[in-house]
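In what follows, a structure is listed as structure tokens, so that the remarks can point back to it.
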Amino acid sequence: MNQQQFEQLLDRVAEQLTNDMNTEPRAEWLSVQSTKALSYEQHVRERLHYAVIAMGDEGVGHEVDLNPSGQTFPDVPCGPFGVEVKFTNDDKWVSIANSVRETKRDESVKVVYLMFGKMGGKPETRWMKYEDCVVHVRTSHEPRFQVDLSGKKSLSSPLWAFPMMNFAS
């Protein structure tokens, strides 16, 4: 599967997730420990898993683990592609994302996407390339990226164009 095919797959998955969010009981999406294990991240993982399987031979090498062990970045590795998952109950497309350190990054992933579920207002799922939705770095106990999928950007150049500070010291 090439990058264009993967992005088409993300289009289909985002559409399915949006439909699911608007038809399944709201409580299913808000409980991480629901009896159906239907947290948003698990929904994303399952939808990606079955979409890859449906691709047949083209999906080989892009399998999605339905029962991952531990925290990794991105949340859902899929061959050379990966999907970081964010979810909000608010009616906004902005969220604090992962640490700039990326200490648990899956090195096999070359291109990272963000799949964002918004339950506030009209529930919807959107995706973007991770580097295209990072707007700046927020600092609390640890520097973290802030992402925005609203289409409004505060940086005139991608964050990746700037030299990064060494936060490990």
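Numbers here simply count residues along the sequence, with the first being 1.
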message: My understanding is that only residues two or more places apart in sequence, or in another chain, count here; which of them pass side chain to side chain contact (heavy atoms under 4.5 Å, CB included) with E15?
response: none
field: Set of side chain to side chain contact (heavy atoms under 4.5 Å, CB included) partners for D90, sequence neighbours left out
entry: T88, K92
Pair listing, salt bridge (charged side-chain N to carboxylate O under 4.0 Å, His left out) test, anchored in residues 113-126, at least two apart: D91-K118, E124-R126
Pair listing, salt bridge (charged side-chain N to carboxylate O under 4.0 Å, His left out) test, anchored in residues 59-79, at least two apart: none
Using a 4.5 Å cut-off on heavy atoms from C-beta on, say whether the side chain of [Y] contacts that of [X].
X: F81; Y: E7; answer: no
X: L9; Y: R12; answer: yes
X: F116; Y: M128; answer: no

Using the test side-chain hydrogen bond (donor to acceptor under 3.5 Å, both in side chains), find all partners of [X] that sit at least two apart in sequence or belong to another chain.
X: W127; result: D11
X: N19; result: none
X: Q16; result: none

field: Non-neighbouring partners of H49 that pass ring pair (Phe, Tyr, Trp, His ring centres under 6.0 Å), sequence neighbours left out
entry: none
- request: Look only at the side chain of T18 and the backbone of T125, and say whether a donor-acceptor pair between them is shorter than 3.5 Å.
  value: yes
query: Is it true that a side-chain atom of D106 and a backbone atom of P74 form a donor plus acceptor pair closer than 3.5 Å?
result: no
Which donor-acceptor pairs under 3.5 Å do the side chains of residues 50-61 make with protein atoms, sequence neighbours left out?
{"unit_1": "E58", "atom_1": "OE1", "unit_2": "Q5", "atom_2": "NE2", "d": "3.2"}

Working to the nearest 0.5 angstrom, can you tell me the gap between [X] [atom1] and [Y] [atom2]?
X: H43; Y: L17; atom1: NE2; atom2: CG; result: 7.0 Å
X: Y40; Y: R45; atom1: OH; atom2: CZ; result: 12.5 Å
X: N2; Y: Q8; atom1: CG; atom2: CD; result: 8.0 Å

- prompt: Same hydrophobic cluster for L114 and V94, using side-chain heavy-atom links shorter than 4.5 Å among ILVMFWY?
  reply: no
query: Is V76 linked to V111 within one hydrophobic cluster, defined over Ile, Leu, Val, Met, Phe, Trp and Tyr using a side-chain heavy-atom separation of less than 4.5 Å?
result: yes
